[in-house]
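What follows is one structure encoded as structure tokens, with my remarks underneath.
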Amino acid sequence: MSVLATELLELELEEDGGGRVRLGELLRERPAVLVWVRHFG
Amino acid sequence: MRGEADRIRELGAELVVIGNGAPRYVAGLRETTGFSGRVLCDPTLASYRAMKLRRSVWRTLGPQNLLHSVRAFARGHRQEKLQGDPWQQGGVLVAMPPNRVAFRFTNAGAGGHMPGQAIVRELEQVLAAPARA
């Protein structure tokens, strides 16, 4: 397995509820499936 | 999508959807798909670039996508007002803690997304494989 890019791990994105999440924190604890969609609608 | 999201949760993983529209558009996604998990917004496309996901007019409008559009229309899907970058393609990442890439998929173009059942199968295989240092 390769290592995730630091650039990705350090990104902070906004949740629809208003909070912000750092991807590195999100991926630290358990397996995750991230799906990038083309658009929301 | 709901069935796949439930299965991913059963497997002990989190499903995160990342879109490039503003947070106010997420309600529409939740309504359409029934997805209640974490949705993140990336209108700057920074995570798309970090993942090296494709962004191209040709891949969105090219002839290879005409068939996808016709099929979708025939199934009753209608494109509403677009809520995000129309030329940006998507992708999938299965990550293992703390920072490992277990599987990566890049959409080739509009309609070239990875089916949810295939994503679940990849996750099952990753979790079944012996851990490597």
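This is a predicted model, so every value here is computed, not measured. Order of the sequence lines fixes the chain letters, A, B, ..., with proteins taken first and strands second; residue numbering starts at 1 for each chain.
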To the nearest 0.5 Å, how far apart are CH2 in A:Trp36 and CG in B:Leu93?
5.0 Å
Need one label for B:Arg30: side chain, backbone, both or neither, based on atoms under 4.5 Å from any heavy atom in chain A.
side chain
Can you tell me which portion of A:Leu8 sits under 4.5 Å from chain B's heavy atoms? Options are side chain, backbone, both or neither.
both
When rounded to the nearest 0.5 Å, the distance separating CZ of B:Arg100 from CG of A:Leu27 is 13.0 Å
Working for side chain to side chain contact (heavy atoms under 4.5 Å, CB included), residues B:Ile119 and A:Val35
CA-CA 9 Å; B:Ile119 296 173; A:Val35 177; 4.2 Å; yes
Answer key: most heavy-atom pairs under 4.5 Å with chain A among B:Pro97, B:Ala102, B:Ala27 is B:Pro97
Quick check on B:Thr32 against chain A: is it the side chain, the backbone, both or neither that has a heavy atom closer than 4.5 Å?
neither
Indicate yes or no: at least one non-hydrogen side-chain atom of B:Pro23 is less than 4.5 angstrom from one of A:Glu14.
yes
Nearest-0.5 Å distance that lies between atom CD in A:Glu12 and atom CG in B:Asp42:
12.0 Å
Flag if over 12 foreign heavy atoms under 6.0 Å of CD, B:Glu10
yes
How close do A:Val37 and B:Tyr48 get, counting heavy atoms only, and between which atoms?
O-OH, 2.7 Å
Any side-chain heavy-atom pair of B:Leu127 and A:Pro31 under 4.5 Å
yes
Toward chain A, the part of B:Leu123 with a non-hydrogen atom under 4.5 Å:
side chain
Which residue out of A:Leu9, A:Leu26, A:Leu23 racks up the most heavy-atom pairs below 4.5 Å with chain B?
A:Leu26
Please indicate whether B:Gln117 has more than 12 foreign heavy atoms, meaning atoms of other residues, nucleotides or ligands, lying under 6.0 Å from its CD.
no
Pick one of side chain, backbone, both or neither for B:Ile8, based on which atoms fall under 4.5 Å of a heavy atom in chain A.
side chain
If you count heavy-atom pairs under 4.5 Å with chain B, which of A:Leu4, A:Val3, A:Thr6 comes out on top?
A:Leu4
Between A:Leu13 and B:Cys41 the two heavy atoms that sit nearest each other are CB-O, 3.7 Å
Report the C-alpha separation of B:Ile18 and A:Leu34 in whole Å, then their side-chain angles, then the decisive distance to 0.1 Å, and conclude whether the side chain to side chain contact (heavy atoms under 4.5 Å, CB included) test is met.
CA-CA 7 Å; B:Ile18 302 175; A:Leu34 277 63; 4.0 Å; yes
Does a side-chain heavy-atom distance below 4.5 Å link B:Asn99 with A:Arg28?
no
Considering all heavy atoms, the nearest B:Gly12-A:Arg30 contact
O-CD, 3.6 Å
Is it the case that the side chain of B:Asn20 and the backbone of A:Arg38 share a donor-acceptor pair, with hydrogens and angles ignored and the cut-off at 3.5 Å?
yes
Could you look at B:Leu11 and say if it's the side chain, the backbone, both or neither that has a heavy atom under 4.5 Å from chain A?
neither
What are the two closest non-hydrogen atoms of B:Ala13 and A:Ala32, and how far apart are they?
CB-N, 4.3 Å
Sort A:Glu15 into side chain, backbone, both or neither according to what part of it lies under 4.5 angstrom from a heavy atom of chain B.
both
